[in-house]
*Asks:* 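One structure, pasted below without further comment.
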Number of protein chains: 2
Amino acid sequence: MPAAPLIERLEVRPWRITPQRRAVAESLVGEHVHLSADEVFTRARAGFPEISRATVYNTLNELVAMGEVLEVRPPSGPVRYDPNGADRHHHLVCTGCGALFDVRPDGVEALRLTDSQRHGFRVDDVEVVFRGRCATCP
Amino acid sequence: MPAAPLIERLEVRPWRITPQRRAVAESLVGEHVHLSADEVFTRARAGFPEISRATVYNTLNELVAMGEVLEVRPPSGPVRYDPNGADRHHHLVCTGCGALFDVRPDGVEALRLTDSQRHGFRVDDVEVVFRGRCATCP
DNA sequence: GTATATGCAAAGCATTTGCATTAAA
DNA sequence: TTTAATGCAAATGCTTTGCATATAC
């Protein structure tokens, strides 16, 4: 079962909902959405024209810190923001054009580190990135 | 069987070996080495004091393009360079301090994308990142 | 000899910061 | 009323670029 929409999850948190923050959250709705901060800024201005870049960055960083949004670092270019941070999933990236999809591969639960590989870490999370070429990149 | 040392692999390529490039390659020897461009710059100056930052960046980018060195993008901070690009392996990252280790987890071969998950891609590579807290980060 | 690598300094881009102002609870 | 969010503009950090010079092959 997919988690509730981002904006609804935010309403039940101790976090001030301002028009700016609402506009940022609404920019991020949907499946397979992986916008850069600048794309979020452009979209957010549609809902709140006087929003500033600084506020977009502030808000995105807060959403990431809350675990509601996931940062994805593509092979090149700026960080992208994935609104399904609450839903465990992975990524498929084109090394040609940077196209990015969410995937839920089989076999993830089989991934294991041995004690000696763990280097004393407490492991919280596994992220899997499949790299390749999309249908239109040679 | 581990691959031959980086500098030896480079000698058999159609790639001019200059003192600067040699100094960069020699900065990258060893297991569990994940230096930033600036750390490479510092080390490379030990071998060739008049090397410039631009040359370090140029050289690292070429090594990445050749597949000899792997770029690793930590949760924050600059790109790091991993000399074992020729040896398939994965990473364990501390979300506190950024500490980074190579790992070879069990179960990677079980990772599978279904046709519908493949989105028309030709998948070349899978990278697994374990995230957690190292022994000294709370 | 010729193509290619280098160094320098300047430009580029993404992101963060300081601080006075404004608005949410 | 009080605490926190916003906007602006400047600063930062990392990386790339343009171009004249030097160098490996």
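Predicted, not measured: the structure shown is a model, and the values here were computed from it. The sequence lines fix the lettering, A, B, ..., with proteins before strands; numbering per chain opens at 1.
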*Asks:* Whole angstrom is fine here: how far is it from CZ in B:Arg13 over to P in D:dC25?
*Replies:*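 After rounding, the gap between these two atoms is 16 Å.
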
*Asks:* Quick one: B:Glu62 CD to C:dA5 P, roughly how many Å, whole number?
*Replies:*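 About 6 Å, once rounded to whole Å.
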
*Asks:* A:Ala37 has a side chain; which of D:dT6, C:dT15, C:dA24 sits nearest to it?
*Replies:*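 The answer is C:dT15.
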
*Asks:* How close or far is atom C1' of D:dT6 from atom CZ of A:Arg45, stated in whole angstroms?
*Replies:* 16 Å

*Asks:* Could you give the CG-to-P distance, from A:Leu35 to C:dA14, as a whole number of Å?
*Replies:* 14 Å

*Asks:* OP1, OP2 of C:dT6 versus side-chain N and O of B:Thr18: anything below 4.0 Å?
*Replies:*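 It does, given that an N or O in the side chain of B:Thr18 lies less than 4.0 Å from OP1 or OP2 of C:dT6.
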
*Asks:* Between A:Tyr81 and A:Glu71, is there a side-chain heavy-atom distance shorter than 4.5 Å?
*Replies:*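 The answer is yes; the side chains approach within 4.5 Å.
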
*Asks:* Counting heavy atoms from C-beta on, name the nucleotide in D:dC25, D:dT17, D:dT16 closest to the side chain of B:Asn58.
*Replies:*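 Looking only at heavy atoms from C-beta outward on B:Asn58, the closest nucleotide is D:dT17.
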
*Asks:* Are A:Gln20 and D:dG7 close enough that a side-chain N or O sits under 4.0 Å from OP1 or OP2?
*Replies:*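 Checking D:dG7 against A:Gln20, a side-chain N or O does come within under 4.0 Å of OP1 or OP2.
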
*Asks:* If an axis is fit to five pairs at each end of the helix from C:dG1-D:dC25 to C:dA25-D:dT1, what is the angle between the two, to the nearest 10°?
*Replies:* 50°

*Asks:* Between residues 74-83 of chain B and DNA chain D, which residues have a heavy-atom gap below 4.0 Å?
*Replies:* B:Pro78, B:Val79

*Asks:* With the side chain counted from C-beta on, respond yes when B:Leu92 and A:Gln117 share a heavy-atom pair under 4.5 Å apart, and no when they do not.
*Replies:* no

*Asks:* From C-beta outward on A:Arg21, which listed nucleotide comes closest to its side chain: D:dA5, C:dA5, D:dT16?
*Replies:*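 In terms of side-chain proximity for A:Arg21, the closest of D:dA5, C:dA5, D:dT16 is D:dA5.
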
*Asks:* How far apart are the C-alpha atoms of B:Asp82 and B:Arg80, what are their side-chain angles, what is the distance that settles it, and do they pass the salt bridge (charged side-chain N to carboxylate O under 4.0 Å, His left out) test?
*Replies:* CA-CA 7 Å; B:Asp82 180 332; B:Arg80 301 182 155 272; over 6 Å; no

*Asks:* Got a sec: does the CZ of A:Arg104 have more than 12 other heavy atoms crowding it under 6.0 Å?
*Replies:* yes

*Asks:* Select base, sugar-phosphate, or nothing to describe what B:Asp38 touches, counting heavy atoms under 4.0 Å on all strands.
*Replies:* nothing

*Asks:* Does the side chain of A:Thr59 come within less than 4.5 Å of A:Trp15's, by heavy atoms?
*Replies:* yes

*Asks:* In whole angstrom, what separates A:Arg22's CZ from C:dA24's P?
*Replies:* 12 Å

*Asks:* Any side-chain heavy atom of B:Gln20 sitting closer than 4.5 Å to one from B:Val24?
*Replies:* no

*Asks:* Is a donor from one side chain sitting under 3.5 angstrom from an acceptor on the other, for A:His91 and A:Asp102?
*Replies:*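 Yes, side-chain donor-acceptor contact under 3.5 Å.
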
*Asks:* Rounded to whole angstroms, how far apart are CD on B:Glu39 and P on D:dG13?
*Replies:* 15 Å

*Asks:* For B:Pro19 and B:Ser36, take the nucleotide of DNA chain D holding the closest heavy atom to each; which residue's nucleotide lies nearer the 5' end?
*Replies:* B:Ser36

*Asks:* Starting at CG of A:Leu60, measure out to CD of A:Glu68 and round the result to the nearest 0.5 Å.
*Replies:* 13.0 Å

*Asks:* Residues of residues 46-54 of chain A with any non-hydrogen atom less than 4.0 angstrom from an atom of DNA chain D: list those, numerically ordered, please.
*Replies:*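 Result for residues 46-54 of chain A: A:Phe48, A:Glu50, A:Ile51, A:Ser52, A:Ala54, sorted by number.
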
*Asks:* Heavy atoms, side chains only, cut-off 4.5 Å: are A:Val40 and A:Leu28 in contact?
*Replies:* yes

*Asks:* Do A:Leu113 and A:His119 have side chains that approach each other closer than 4.5 Å (heavy atoms only, starting at C-beta)?
*Replies:*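 Result no, sub-4.5 Å side-chain heavy-atom pair not found.
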
*Asks:* Could you state the atom-to-atom distance from CZ of B:Phe41 to P of D:dG13 in whole Å?
*Replies:*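 Value for this atom pair: 16 Å.
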
*Asks:* The side chain of B:Thr59 is closest to which nucleotide in this list: D:dT6, C:dT6, D:dT23?
*Replies:* C:dT6

*Asks:* Does any non-hydrogen side-chain atom of A:Leu100 lie less than 4.5 Å from one of A:Pro74?
*Replies:* no

*Asks:* Would you say B:Asn84 and B:His89 make side-chain contact, with heavy atoms under 4.5 Å?
*Replies:* yes

*Asks:* Which nucleotide wins on minimum distance to the side chain of A:Tyr57, given the candidates D:dT15, D:dT6, C:dT15?
*Replies:* C:dT15

*Asks:* Between D:dC14 atom P and B:Asn61 atom CG, what is the distance in whole Å?
*Replies:* 16 Å

